[in-house]
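Below: one structure, written as structure tokens.
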Amino acid sequence: MKQNTENLLAKKPILISGPCSAETEEQVMQTAIRLKATGKVDVLRAGIWKPRTKPGLFEGIGVEGLKWLRNAKKETGLPVTVEVATARHVEEAIYHDVDILWIGARTTVNPFSVQEVANALRGTDIPVLIKNPVHPDLELWSGAIERMQKAGITNIGLIHRGFSSYGNIDYRNAPMWHLPIEMKRRYPGMIMICDPSHICGNRTSLQEISQKSIDLDFGGLMIETHIDPDNAWSDAKQQITPERLNEMVMELIWRSDDSTEQEFINALLHLREQINQVDDELLTLIGQRMKLADLIGTYKRDNNITILQTNRWNEILQRAFNKGEQLGLSKEFIVRYFDAVHLESISHQNKIMNDQ
Ligand code: PEP
Ligand code: MN
């Protein structure tokens, strides 16, 4: 089997780009030529087999697209990468000289599929990029890395493409930055690439998410590009033209990570990101608490009971003092915090009482 001599994942930052799906020979070739012309792209990507949520959508062009990719590589010199999910995909991709394979988010969630891919890879040492699983489970992500390592794959990189989360409206897939940060901590030598296209699901926040990943010392970007984004056969809303990619990349501020000052900045950024995440979770929980208060308010209103019931409040405070003590939180803080929560709760319930 083919052995890679050059370490294709060693470049930092690495920029991978190309269409969500290979659609036609012309589209693949034109995208490749226009990406090459930017002088910024290191690897050409294209989906050949597409895992679609619903049947009846474009499920990828299949093996024929691998020939188009091989031609595009010959024309531009760009190494190519495709998503693989089965042993047959692996065999076909390697047979058609694909340089790097990637495992998609819907595959990482399934240990059977990951193992099938790993078995098919045994004996090769092709670089493999592993996307995070669809849902926020770091053990599955780590498990996929271990399966590849056990199959003898040494050149592994990670791709952060965000996580599916209920109620999330800002992104197609919530970034949950603290999770890729934890993976960077667990696997310090492994490149972490950000895929802003699948995080955003639109074009408007690509720049912001890309910059954020660079600020968090990610090793590169995978961004979907298309010669006619609006008419793409998959993920039309999030793709941009190669020329737009060029502009975007020029506006990004790349930081070097070779100074101790940069190390300190990175450490600070990582901790702040984790604090942001915890604060978001706290606010979400407080929001849920207020919804419960609203429900209680409705019952009290319908049964003509007063809002404030002193006994209940003392009970809440006593519970919190005990819990707070175990967690190293001062009594003063607990009182101030619960006063604020209580006031907000009463104001919610007042609103309900007067809403009848
Ligand atoms: C893709 O990169 O086109 C893709 C299908 O991504 P993901 O596995 O992140 O959904
Ligand atoms: Mn896509």
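Start at 1 and go down the list; that is how both ligands and their atoms are numbered.
Salt-bridge annotation for Arg70 and Asp99: absent, with no side-chain N of the basic residue lying under 4.0 Å from a carboxylate O of the acidic one. Classification of Asp294 and Arg289 as a salt-bridged pair fails, no side-chain N sitting under 4.0 Å from a carboxylate O. By the 4.0 Å N-to-carboxylate-O rule, Lys12 lies close enough to Asp217 to be salt-bridged with it. Checked for salt-bridge contact, Glu83 and Arg45 miss the test: no charged N lies under 4.0 Å from a carboxylate O.
Nearest protein heavy-atom neighbour of atom 4 (C) of ligand 1: His198 NE2, 3.5 Å. With respect to atom 9 (O) of ligand 1, the closest heavy atom belonging to the protein is Arg161 NE, 2.6 Å.
Under the 4.0 angstrom criterion for non-hydrogen atoms, Met222 is not in contact with ligand 1. Remark: distances from the non-hydrogen atoms of Gly47 to ligand 1 are all 4.0 Å or more.
No close placement of the His270 and Trp177 rings is indicated, their centers lying 6.0 Å or farther apart.
Note: no N/O pair closer than 3.5 Å links Gly104 and ligand 1 by distance alone.
In this structure, Asp339 contributes its side chain and His342 its backbone to no donor-acceptor pair below 3.5 Å.
Note on the Mn ion (ligand 2): protein N, O or S atoms under 2.8 Å away count 4, no waters included.
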Go through Gln207 and Gln211 one step at a time and tell me if the side-chain hydrogen bond (donor to acceptor under 3.5 Å, both in side chains) criterion holds.
CA-CA 6 Å; Gln207 181 92 35; Gln211 186 63 58; 5.2 Å; no

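Here the rule is side chain to side chain contact (heavy atoms under 4.5 Å, CB included) with His198, and of Met222, His160, Glu224 only Glu224 fits it.
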